[in-house]
Amino acid sequence: MNEPILSATDTLNTASDNALPDAASCPPAAATRGFAERVVTWQRQHGRHALPWQNTHDPYRIWLSEIMLQQTQVATVMPYYARFLERFPTVADLAAAPQAVVMELWAGLGYYARARNLHACAQQVVEKWGGKFPPTAEDIQTLPGIGRSTAAAIAAFAYGERSPILDGNVKRVFARHFGIHGDPTTRAVELRMWDYAEKALPPIGPDTPDAMRSYTQGLMDLGATICKRGDPDCGVCPVRATCVALREARQHELPTARIRKAIPERSIGMLIVEHEGRVLLPRRPATGIWGGLLSLPEFDGEEPGTALATFGLPADAIVRIDRLALLSHTFTHFKLHITPWHIRSQSAGSLNTDDWLAIDALPSAALPAPVRKLIDALYGQDDLLR
DNA sequence: TACCCGTGGCA
DNA sequence: TTGCCAAGGGT
């Protein structure tokens with residue numbers, strides 16, 4: 001890189017952290033000049049090119065990857081992506097599938113609203129758009145589960161549309177390169193970043209589609225492989241010459257860490273009720289935690305007490321009760337301590353027939369991660385196909 | 001507008 | 001062990 005170092009970044013807003021950003025502040029043109037071109041060139045030489053969802057312009061495959069990758073790391077997505085494509089080669093196949101099957105394939109990946117929206121989105125594409133994804137980011141964003149950034153990513157990769165993304169990678173790169181202080185999860189800071197995202201796009205020209213594909217991928221690659229959270233590899237960064245954080249040696253202060261509240265903890269008991277080769281696994285409501293998945297009956301506290309009768313199991317139906325090892329599971333927003341109870345019953349009591357699942361059907365069941373762990377520990381599924 | 005919504009890898 | 005947060009969206 002022999003380009004002159006832009007001094008215009010000196011004029012950037014240097015308001016202190018968490019100060020209310022000046023709503024009128026907008027990125028100086030000089031701050032973003034040449035940024036995209038360097039990202040594009042770098043991506044083509046040093047970016048990632050062999051991920052399973054790359055080297056295609058098929059909006060279906062791109063969309064599926066973008067949804068799975070929301071708040072989820074690449075390595076985690078890989079096996080799920082392969083299974084989905086194998087089972088649902090086209091958006092029509094996905095739209096036609098029962099939601100329960102979609103949930104089974106998604107189980108373990110987390111954020112289950114994504115799976116419900118994925119299914120609904122496929123059906124809308126088929127019914128409202130004739131089986132083809134909408135032609136612009138604006139239209140794509142009207143579909144369920146697709147926000148502004150995901151719509152832009154799909155449109156850029158599939159159509160080469162000139163529309164900006166703003167994900168976790170981009171926020172980190174922008175915060176450092178443009179010296180943007182303040183918690184990026186707050187609305188005000190996020191709006192500023194969208195402003196930069198629009199201004200930093202590759203210029204309009206004959207090669208805009210190709211540039212947009214490389215640029216969009218390049219921003220993600222830059223964040224994932226160079227501008228990492230812990231120790232950014234500034235020595236080989238394509239935009240180091242204009243990076244505010246590097247110049248001021250503040251890479252570790254940016255992006256500004258958000259202030260986190262202590263997460264609450266909760267203790268519950270879970271019942272593994274077994275009767276005639278079946279286990280009680282009612283489907284959870286569509287909304288809320290683990291929405292749409294099968295799960296074990298649960299109750300507040302650790303001792304079953306009167307809970308069994310409440311669930312429709314009379315005391316004389318119970319052959320044996322075993323308390324299993326405590327299991328803790330941490331969510332983003334709270335920590336759950338689970339006391340599992342294995343209950344052998346000689347009758348189904350007044351329980352709903354539909355809520356029982358055969359033990360040999362457990363391996364493919366749509367179970368939340370900690371429930372999967374409990375079930376596998378008890379019925380010895382080890383870690384075959386999960 | 002803040003909060004809700006999973007899971008796993010990593011320092 | 002604990003905290004952080006990743007190709008965010010919905011409400």
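In the text below, chain A, chain B and the rest are named by the order of the sequence lines, each starting its count at 1. Being a predicted model, the structure only gives us computed values, none of them experimental.
Distance A:Leu191 CG to C:dG8 C1': 15 Å, rounded to the nearest Å. The nearest whole Å value for the distance from the OH atom in A:Tyr111 to the C1' atom in B:dC5 is 5 Å. Here the P atom of nucleotide C:dG8 and the CE atom of A:Met220 are 8 Å apart, to the nearest Å. Rounded to whole angstrom, the span from the CD atom of A:Gln70 across to the P atom of C:dA7 amounts to 12 Å. A:Trp194 places its CH2 atom 10 Å from the C1' atom of C:dG8, with the value rounded to the nearest Å. A:Gln71 places its CD atom 15 Å from the P atom of C:dC4, with the value rounded to the nearest Å. As rounded to whole Å, 15 Å separates atom P of C:dA6 from atom CG of A:Leu222. As a whole-Å value, the separation of A:Leu143 CG from C:dG9 C1' is 13 Å.
Of the two residues near DNA chain B, A:Ala113 and A:Lys261, the one whose nearest nucleotide lies more 5' is A:Lys261. The residue among A:Lys373 and A:Phe334 whose nearest nucleotide of DNA chain B is located toward the 5' end is A:Phe334.
Aromatic rings from A:Phe331 and A:Phe334 are positioned such that their centres are separated by under 6.0 Å.
Residue A:Gly223 is classed as having no contact, given no heavy-atom separation below 4.0 Å to the nucleic acid. The residue A:Leu51 sits close to a base: some heavy atom pair falls under 4.0 Å. A:Gly168 comes within 4.0 angstrom of the backbone, heavy atoms only, and of no base. Among the heavy atoms of the strands lying under 4.0 Å from A:Pro370 are primed sugar atoms or P, OP1, OP2 only; no base atom is included. Among the atoms of the strands shown, none is found under 4.0 Å from any heavy atom of A:Thr186. Counting non-hydrogen atoms under 4.0 angstrom, A:Trp63 reaches nothing in the nucleic acid. Residue contacts for A:Ile165: at a heavy-atom cut-off of 4.0 Å it reaches no nucleic acid atom on any strand shown.
Contact annotation: A:Arg48 side-chain N/O to C:dA7 OP1/OP2 distance is not under 4.0 Å. Distances shorter than 4.0 Å separate none of the side-chain N or O atoms of A:His333 from OP1 or OP2 on B:dC4. For A:Trp290, a side-chain nitrogen or oxygen approaches OP1 or OP2 of B:dT7 to under 4.0 Å. In this structure, A:His329 does not reach the B:dG6 phosphate: none of its side-chain N or O atoms is under 4.0 Å from OP1 or OP2.
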If you look only at distance, which donor and acceptor atoms sit under 3.5 Å apart when one is on a side chain in residues 90-101 of chain A and the other is two or more places apart or in another chain?
| residue | atom | partner | partner atom | Å |
| --- | --- | --- | --- | --- |
| A:Thr90 | OG1 | A:Ala92 | N | 3.3 |
| A:Thr90 | OG1 | A:Asp93 | N | 3.2 |
| A:Thr90 | OG1 | A:Asp93 | OD2 | 2.9 |
| A:Asp93 | OD2 | A:Thr90 | N | 3.1 |

Donor-acceptor list for residues 285-307 of chain A side chains, cut-off 3.5 Å, not counting sequence neighbours:
| residue | atom | partner | partner atom | Å |
| --- | --- | --- | --- | --- |
| A:Glu298 | OE1 | A:Arg284 | NH1 | 3.3 |
| A:Asp300 | OD1 | A:Arg266 | NH1 | 2.9 |
| A:Glu303 | OE2 | A:Arg323 | NH1 | 3.2 |

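Hydrophobic clustering, defined by side-chain heavy atoms of Ile, Leu, Val, Met, Phe, Trp and Tyr closer than 4.5 Å, leaves A:Leu326 isolated from every other such residue.
A ring-ring contact (aromatic ring centres under 6.0 Å, His included) check over residues 117-139 of chain A, counting only residues at least two apart or in different chains, returns the pairs A:Trp63-A:Phe133.
Of the candidate nucleotides B:dG6, B:dT7, B:dT1, B:dT7 has the atom nearest to the side chain of A:Pro368. Considering only the side chain of A:Arg260, C:dC4 comes nearest among C:dC4, C:dA7, B:dG8. Taking every side-chain heavy atom of A:Arg229 into account, B:dG9 is the closest of B:dG9, C:dG8, B:dG6. Distances from the side chain of A:Ala369 to the nucleotides C:dC4, B:dG8, C:dA7 place B:dG8 closest. In this structure, the nucleotide among B:dG6, B:dT7, C:dG8 sitting nearest to the side chain of A:Arg114 is B:dG6.
C:dA7 and B:dC3: their P atoms are spaced 24 Å apart (whole Å). Taking atom P in both B:dC5 and C:dT2, the straight-line distance is 23 Å, to the nearest Å. Comparing the C1' positions of B:dT1 and C:dT11 gives an interatomic distance of 10 Å, to the nearest angstrom.
A:Glu190 meets the side-chain hydrogen bond (donor to acceptor under 3.5 Å, both in side chains) test with no other residue; sequence neighbours excluded.
Side-chain atoms of A:Thr72 and base atoms of B:dG6 include a donor and an acceptor less than 3.5 Å apart. Side-chain to base pairing of A:Arg172 with C:dA6: no donor and acceptor N or O lie closer than 3.5 Å to each other.
For A:Thr225 (side chain) and A:Asp221 (main-chain N/O), a donor-acceptor pair under 3.5 Å exists by modelled atom type. A:Thr208 places a side-chain N or O within 3.5 Å of a backbone atom of A:Gly205 that can act as its donor or acceptor partner.
Enclosure of atom CD in A:Glu198 by more than 12 non-hydrogen atoms of other residues, nucleotides or ligands within 6.0 angstrom is indicated.
If you check the side chains of A:Glu274 and A:His342, you find a donor sitting under 3.5 Å from an acceptor.
Near DNA chain C, meaning a heavy atom under 4.0 Å away, the residues from residues 149-157 of chain A are A:Ser149, A:Thr150.
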